[in-house]
Number of protein chains: 2
Amino acid sequence: MTQGTRRDRARADTDRDIRRQARALLISDGPQAVTLRAIARELGITAPALYRYYASREDLIEHLRADVCADLGGDLDQDLADVAESDHLAQVLAVCRGFRRWALAHPQEFTLVFATPPHDPRKDPARDSFGRIFLGVAGRILAAGGLVTPPEQDIPATLVKDLTVFRSDLLDTMAAAGVSIADSRLGLATAYVMLRFWVRLYGQVALEVFGQFPFPVTDAEPIFESMLADLVREVGLSD
Amino acid sequence: MTQGTRRDRARADTDRDIRRQARALLISDGPQAVTLRAIARELGITAPALYRYYASREDLIEHLRADVCADLGGDLDQDLADVAESDHLAQVLAVCRGFRRWALAHPQEFTLVFATPPHDPRKDPARDSFGRIFLGVAGRILAAGGLVTPPEQDIPATLVKDLTVFRSDLLDTMAAAGVSIADSRLGLATAYVMLRFWVRLYGQVALEVFGQFPFPVTDAEPIFESMLADLVREVGLSD
DNA sequence: ACAGTCCGTAAACGCTGTTCACAACATCGC
DNA sequence: GCGATGTTGTGAACAGCGTTTACGGACTGT
């Protein structure tokens, strides 16, 4: 299969360089350092050249967000590779710990992806949300492990419709990935538990990343582990 | 008592105007819109004039943060004023709901105060954290209500020292506010419960503000209320 | 009245995102 | 191979940014 023209390849190379440089600037100096001129300078081109690749600075930033999500997803997959597939508890723990570890090591990227106020109501943030990706991965493990779920009447009524869509979406995603989950294994209540799982995890990690403890905490890891132990116990995954 | 010179009063007026304008820009168009020139333009002065009041744009932003915290604290106090002081459950619910309501109504301000990666390790973020302020208020209610606390051996060992400092700090704050809490009412375990309370609340609210649900949620309030019900039940404050 | 302080300005510097017209090069189809 | 088309990058320009500096005028205290 042809690799495209030499020009296509050169374009892809340049695009990759642009993204790599943008990321480096984000990581080292935060979002305000991701300027078109800084990127261009590093690549030995001028800023207007970047408009050949992206419609705007904001467009580039959006792609950066997607890159961060994809890389994080890849990292979590790697974390999972080291754990026996049948050990559901260990897998869930690995994913959650991986997420936290990554977040603490990448505060600028975390902020970019996970803590930006929505500004375009027409664009459905949930469609690209990492929570969705996370639950695509962790949800599979959670569902396979068999969860302790609350009675379905405990699910807020206004949530049922949303959960139904999410659940079938999740089943489709899993089916597309060659994962077969029995219908009974992923009911509404299970989807609800997954949602709450994510809320708890995200909240704990965000608070740590943004230093929002009400007092100086020497070592936050035990707090996280305690929360995690609670979580897995509540969903019935603990020993 | 003298009000100071006319110049002092003019300075205070101008400062107030600067802050008001900066806030308005933040709210309407986000942090990148808070430029010295935009503020100056609105006040009919030039940008360099602002350096008579603030050392830098960043200095102004820091003051803006403090303003937001103070205003939020005032809002929560108002929420509390409508609730009988003896109804501890209602007071806690009011404060938590007030916090969420405010956060959802003020996403840019929330982001500025609650979701900025720390960048100055020498400056102790926890000293100015709103979590601290929040627990100064809510902690009083929680302690007065008498909490169900875990056994002290459940407190992570590495946290004990931090909690001890926090607890005595909290007692001092309350004493200074004329609130007397018996020593036994605010032990280490209680302080730990308060910490976990804040983590849960913050996490839920942040996730909502940043639209980090894994799927579109039509109405997030029931999720919040469900979490809140869990929280107050866990601390022994429910009916 | 005078000296010191404060406030605001204009000019300047170096930086930003973006647009536009042009030139050079690469690719494609005949 | 050649001409037409598309792509890539440039330089110039525009309007905007944060910040510094020196100056002049107003205010304050003695």
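So you know, we letter chains A, B, ... as the sequences are listed, proteins then strands, and number each from 1.
- Ion pairing of A:Asp79 with A:Arg97 is absent here, as no side-chain N (NZ or NE/NH1/NH2) approaches a carboxylate O to less than 4.0 Å.
- Remark on DNA chain D: of its neighbouring residues B:Ala55 and A:Leu50, the 5'-side contact belongs to A:Leu50, judged by nearest-heavy-atom nucleotide.
- One finds no salt bridge joining B:Asp75 and B:Arg101 here, because no Lys/Arg side-chain nitrogen approaches an Asp/Glu carboxylate oxygen to under 4.0 Å.
- Residues from residues 19-40 of chain B that place a heavy atom under 4.0 Å from any atom of DNA chain C: there are none.
- Along DNA chain D, the stretch of nucleotides lying under 4.0 Å from any heavy atom of chain A spans, 5' to 3', D:dG6 to D:dA13.
- Donor-acceptor pairing under 3.5 Å is lacking for the side chains of B:Arg37 and B:Thr46.
- Taking only side-chain nitrogens and oxygens, B:Tyr53 comes nearer than 4.0 Å to OP1 or OP2 of C:dG8.
- The aromatic ring centroids of A:Phe99 and A:Phe114 lie less than 6.0 Å from each other.
- As a whole-Å value, the separation of B:Asp17 CG from C:dG8 P is 11 Å.
- Using a 4.0 Å cut-off between a side-chain N of Lys or Arg and a carboxylate O of Asp or Glu, A:Asp17 and A:Arg20 qualify as a salt bridge.
- For the residue pair A:Arg196/B:Ser226, the side-chain donor-acceptor check at 3.5 Å is satisfied.
- The distance from atom CZ of A:Arg41 to atom C1' of C:dG17 is 13 Å, rounded to the nearest whole Å.
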Along nucleotides 20-30 of chain C, 5' to 3', which nucleotides get a B, which get an S, and which get a -, given that the test is a protein heavy-atom distance under 4.0 Å? BB---BBSS--
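- B:Arg65 and B:Glu109 are not joined by a salt bridge, as no carboxylate oxygen comes within less than 4.0 angstrom of a charged side-chain nitrogen.
- Ionic pairing of A:Arg11 and A:Asp8 is not present here: no N-O contact between side-chain nitrogen and carboxylate oxygen is shorter than 4.0 angstrom.
- One finds the CG atom of A:Asp82 at 11.5 Å from the CG atom of A:Asp77 (value rounded to the nearest 0.5 Å).
- Put simply, the residue from A:Arg19, A:His63, A:Glu62 that forms a side chain to side chain donor-acceptor pair (under 3.5 Å) with A:Tyr54 is A:Arg19.
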